[in-house]
Student: 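The structure under discussion is supplied below as structure tokens; questions concerning it will follow.
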Amino acid sequence: MSETRHTKVLIIGSGPAGYTAGVYASRAMLNPILVQGIEPGGQLTTTTEVENWPGDTEVQGPDLMVRMEAHAKAMGTEIIGDIISDLDMSERPFKAKGDSGTLYTCDAVILATGARAKWLGLPSEEKYKGFGVSACATCDGFFYRGQEIVVIGGGNTAVEEALFLTNFASKVTLIHRRDELRAEMILQDRLKKNPKIEPLWFHQLEEVLGEDNPTGVTGVRVKNVKTGEISEVPCKGVFVAIGHAPANELVKDVLETHMGGYVVTKPDSTETSIPGVFAAGDLTDHKYRQAVTSAGMGCMAALEAERFLAEHGPSDDAAASDTPKAAVDA
Ligand code: FAD
Ligand code: NAP
């Protein structure tokens, strides 16, 4: 049996953007529903120390997200563990199908689906995913106690992952295609001072090497991008940290995107090209991609949704009622 739930504001995503939108939309008495998706709490649940969230000199990412969820809930956001598989924005009320079978209808929607780790796309990477190849050091680092590990990438994520992995590994090789890191200076400084980390500059991953019985990684084949020379680095774990791509699957065919799939919003606004559809956080942000900027955009989206509803009122559809309607499509 499926049900239909109507809300004035539907928030899709439970990262800093989604939960902040929940706090603001609740305080505007809009009784929002927030659908969490496959990763409740978003990207910060895959990291350890967060040192740039204002008010906390240091806080564990998962703890911060538990607090944000509790805050949104306390203000009145209804938080639902579901994944939106389809979103129809052709007319109001907008319709979002949940994997659970629930149909969510809403007068305004805030898209806060964030971003996901990118992969290199090598067949050997795919083959050993879950058997030595990972994109999450906090999830899988523990398995490599006393082993050698390589990390691919040169951004904040790669350097943080490399540093974190030294808690377990005997040696971490950071493989980067240039000799300059994108990571913040404070992280670069820690990297340089860590005796367990050895950078391998101007190299890119060509192939993950491994064995089949049991399936596992034994090393990587890398290429010097300047000389073309091929060499091998022995390791048991490969952590790919080459950036994130916006999670735009629900809207990429309908909303304008740019810079590799980020949803376009109007200048100084979270408004998209469809009135009543707002986008916040890493889904729209190719530039800063920080927890605090995502939270800021979540705030903007809720304030803009409030203004939109004040001007345009609820959807015409008679189905638009704040009362949950159960068992419609039995
Ligand atoms: P996300 O956090 O990406 O959350 C997206 C949410 O959308 C998830 O809850 C997901 O389940 C949901 N979702 C996706 N698709 C659907 C769907 N179809 N239906 C329903 N829900 C859906 N930033 C900092 O400022 N400081 C740091 O120290 C820091 N450390 C980081 C460490 C790592 C390892 C990583 C990967 C990122 C780090 N960042 C850090 C960046 C920060 O995590 C992001 O900028 C921020 O989380 C983006 O927030 P968001 O709300 O836009 O989306
Ligand atoms: P990123 O900043 O985009 O860095 C990606 C890195 O991977 C770059 O060094 C890039 O190389 C490299 N790369 C990309 N494609 C590659 C490929 N095909 N082969 C080899 N290398 C490749 O991504 P990120 O580190 O995941 O960070 C994403 C966002 O989250 C950033 O805004 C970051 O600030 C934020 N974040 C913040 C923190 C924090 O505040 N502590 C922690 C983690 C993440 P080039 O440099 O040569 O382009």
Side-chain angles (χ1 to χ4, degrees), residues 10-21 34-54 56 58-61 64-65 68-69 80-87 96-99 104 110-122 135-139 151-161 163-164 174-184 186-187 202-205 222 225 239-251 260 279-298 301:
L10 178 68
I11 301 165
I12 306 178
S14 57
Y19 284 144
T20 307
L34 182 153
V35 177
Q36 287 181 306
I38 202 164
E39 192 174 52
Q43 293 172 63
L44 282 187
T45 61
T46 69
T47 191
T48 49
E49 290 92 8
V50 174
E51 296 176 344
N52 49 17
W53 180 256
D56 285 307
E58 187 184 302
V59 57
Q60 295 292 309
L64 178 61
M65 295 320 298
M68 280 196 209
E69 176 178 350
I80 297 182
D82 201 352
I83 299 169
I84 301 300
S85 54
D86 188 56
L87 179 62
K97 273 188 204 153
D99 270 2
Y104 303 89
I110 295 175
L111 306 167
T113 50
R116 293 200 189 97
K118 280 195 214 161
W119 295 95
L120 289 160
L122 301 169
C136 179
T138 47
C139 319
V151 174
I152 318 290
N156 272 338
T157 303
V159 175
E160 280 194 347
E161 303 245 295
L163 289 164
F164 176 74
L174 182 80
I175 300 175
H176 184 36
R177 60 187 179 183
R178 300 188 290 139
D179 68 344
E180 218 175 285
L181 297 167
R182 274 177 201 274
E184 287 168 84
I186 191 168
L187 295 174
F202 295 117
H203 277 74
Q204 71 183 28
L205 183 65
V222 291
V225 295
F239 287 82
V240 179
I242 59 163
H244 287 75
N248 63 11
E249 297 80 6
L250 290 174
V251 297
D282 277 13
L283 174 66
T284 71
D285 179 11
H286 60 88
K287 199 168 175 189
Y288 302 107
R289 293 173 298 173
Q290 302 293 303
V292 69
T293 46
S294 297
M297 283 186 262

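First listed ligand is number 1; within each ligand, the first listed atom is number 1.
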Student: Which heavy atom of the protein is the closest neighbour of atom 52 (O) of ligand 1, given with residue, atom name and distance?
Tutor: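 The answer is Asp282 N, 2.8 Å.
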Student: Heavy-atom distance to atom 46 (O) of ligand 2: which of Arg178, Gln204, Lys287, Gln290 wins?
Tutor: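 The residue whose heavy atom sits nearest atom 46 (O) of ligand 2 is Arg178.
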Student: For atom 4 (O) of ligand 1, what is the closest protein heavy atom, and at what distance to 0.1 Å?
Tutor: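 The closest one turns out to be Gly42 CA, 3.4 Å.
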Student: Looking only at distances, please establish whether an N/O atom of ligand 1 is found under 3.5 Å from an N/O atom of Ile84.
Tutor: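 So ligand 1 has an N or O lying under 3.5 Å from an N or O of Ile84.
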Student: Do the non-hydrogen side-chain atoms of Leu181 and Leu174 ever get within less than 4.5 Å of each other?
Tutor: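 Of all side-chain heavy-atom pairs linking Leu174 with Leu181, at least one is under 4.5 Å.
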Student: Counting both backbone and side chain atoms, is some N or O of Asn52 under 3.5 Å from an N or O of ligand 1?
Tutor: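 It does: an N or O of Asn52 is found under 3.5 Å from an N or O of ligand 1.
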Student: Does Thr46, backbone or side chain, put an N or O under 3.5 Å from an N or O of ligand 1?
Tutor: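 Between Thr46 and ligand 1 (N or O atoms, distance only) the closest approach is not under 3.5 Å.
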Student: For ligand 1, which atoms sit closer than 4.0 Å to a heavy atom of Glu39?
Tutor: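 Those of ligand 1 that fall under 4.0 Å from Glu39 are 8 (C), 9 (O), 10 (C), 11 (O).
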Student: Return the residue, atom name and 0.1 Å-rounded distance of the protein heavy atom closest to atom 35 (C) of ligand 1.
Tutor: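 The answer is Gln43 OE1, 4.1 Å.
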Student: Any N or O on Pro16 sitting closer than 3.5 Å to an N or O of ligand 1?
Tutor: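 Yes: some nitrogen or oxygen of Pro16 is under 3.5 Å from one in ligand 1.
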Student: Between the side chain of Glu49 and the main-chain N/O of Glu58, is any donor-acceptor distance below 3.5 Å?
Tutor: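 A pair under 3.5 Å: no.
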Student: Under 3.5 Å between any N/O of Glu161 and any N/O of ligand 1: does that happen in this structure?
Tutor: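 The answer is no, given that Glu161 and ligand 1 share no N or O pair closer than 3.5 Å.
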Student: List ligand 2 atoms under 4.0 Å from Gly154, heavy atoms only on the residue side.
Tutor: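 Counting from 1, the qualifying ligand atoms are 6 (C), 7 (O), 8 (C), 9 (O).
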Student: To check your reading of the model: name the closest protein heavy atom to atom 41 (C) of ligand 1, its residue, and the distance in Å.
Tutor: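 So the nearest neighbour among protein heavy atoms is Arg289 O, 3.7 Å.
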Student: Quick check: does Thr47 get an N/O under 3.5 Å from an N/O on ligand 1?
Tutor: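 No, since none of the N or O atoms of Thr47 sits under 3.5 Å from an N or O of ligand 1.
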Student: Looking only at non-hydrogen atoms, which of Gln43, His286, Lys118, Arg177 approaches atom 15 (N) of ligand 2 most closely?
Tutor: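 Closest candidate by heavy-atom distance is Arg177.
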Student: Quick one: which of Glu49, Arg182, Glu180 has a heavy atom closest to atom 2 (O) of ligand 2?
Tutor: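 It is Arg182 that holds the nearest heavy atom.
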Student: Check this for me - ligand 1, His244, N or O atoms closer than 3.5 angstrom, yes or no?
Tutor: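 No, since none of the N or O atoms of His244 sits under 3.5 Å from an N or O of ligand 1.
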Student: If you have a sec, work out which protein heavy atom is nearest atom 19 (N) of ligand 2 and how many Å separate them, to one decimal?
Tutor: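 Ranked first by proximity to atom 19 (N) of ligand 2 is Leu120 CD2, 3.5 Å.
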Student: May I ask you to decide if Ala17's main-chain N or O and Thr20's side chain share a donor-acceptor pair within less than 3.5 Å?
Tutor: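 A pair under 3.5 Å: no.
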Student: Enumerate the atoms of ligand 1 whose separation from the nearest heavy atom of Gly114 is less than 4.0 angstrom.
Tutor: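 Under 4.0 Å from Gly114, ligand 1 has these atoms: 1 (P), 3 (O), 5 (C), 52 (O), 53 (O).
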Student: Do the side chain of Thr113 and the main chain of Gly13 share a donor and acceptor less than 3.5 angstrom apart?
Tutor: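 It does not hold such a pair.
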Student: Among all the protein's non-hydrogen atoms, which is closest to atom 16 (C) of ligand 1, and how far away is it?
Tutor: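 Going atom by atom, the protein heavy atom closest to atom 16 (C) of ligand 1 ends up being Thr113 CG2, 3.7 Å.
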Student: When you measure from atom 3 (O) of ligand 2 to each heavy atom in Glu161, Arg289, Glu51, which option holds the nearest one?
Tutor: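 Shortest heavy-atom distance from atom 3 (O) of ligand 2: Arg289.
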Student: Under 4.0 Å from ligand 1, counting heavy atoms only, is it the side chain of Ala17, its backbone, both or neither?
Tutor: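 For Ala17, backbone and side-chain atoms both sit under 4.0 Å from ligand 1.
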Student: Side chain, backbone, both or neither: which part of Ala115 has a heavy atom under 4.0 Å from ligand 1?
Tutor: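 Just the backbone.
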Student: Atom CD1 of residue position Ile38 - does it have more than 12 heavy atoms of other residues, nucleotides or ligands inside 6.0 Å?
Tutor: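 No, the 6.0 Å shell around CD1 holds no more than 12 heavy atoms from other groups.
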Student: Measure the distance from atom 21 (N) of ligand 1 to every protein heavy atom, then report the residue, atom name and distance (to 0.1 Å) of the closest one.
Tutor: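 Ranked first by proximity to atom 21 (N) of ligand 1 is Gly37 CA, 3.1 Å.
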Student: Report yes if some N/O of Glu49 lies less than 3.5 Å from some N/O of ligand 1; otherwise report no.
Tutor: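 There is no such contact.
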Student: So for ligand 1, is Gln290 a polar contact partner (N or O within less than 3.5 Å, distance only)?
Tutor: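 By distance alone, the answer is yes.
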Student: Please report which non-hydrogen protein atom sits nearest to atom 23 (N) of ligand 1, along with the residue it belongs to and the distance in Å to one decimal place.
Tutor: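 Protein heavy atom with the smallest distance to atom 23 (N) of ligand 1: Ala291 N, 3.4 Å.
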Student: One residue to check: Glu160. Relative to ligand 1, which of side chain, backbone, both or neither has a non-hydrogen atom less than 4.0 Å away?
Tutor: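 The answer is the side chain.
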Student: Please indicate whether Glu180 has more than 12 foreign heavy atoms, meaning atoms of other residues, nucleotides or ligands, lying under 6.0 Å from its CD.
Tutor: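 No, the 6.0 Å shell around CD holds no more than 12 heavy atoms from other groups.
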Student: At under 4.0 Å between heavy atoms, is it the side chain or the backbone of Leu250 that contacts ligand 1, or both, or neither?
Tutor: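 The part of Leu250 near ligand 1 is the side chain, not the backbone.
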Student: Go through ligand 2 atom by atom and flag the ones less than 4.0 Å from a non-hydrogen atom of Glu184.
Tutor: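 By the 4.0 Å cutoff, the relevant atoms are 39 (C), 40 (O), 41 (N).
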Student: Measure the distance from atom 31 (C) of ligand 1 to every protein heavy atom, then report the residue, atom name and distance (to 0.1 Å) of the closest one.
Tutor: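 Closest protein heavy atom to atom 31 (C) of ligand 1: Leu44 CD2, 4.0 Å.
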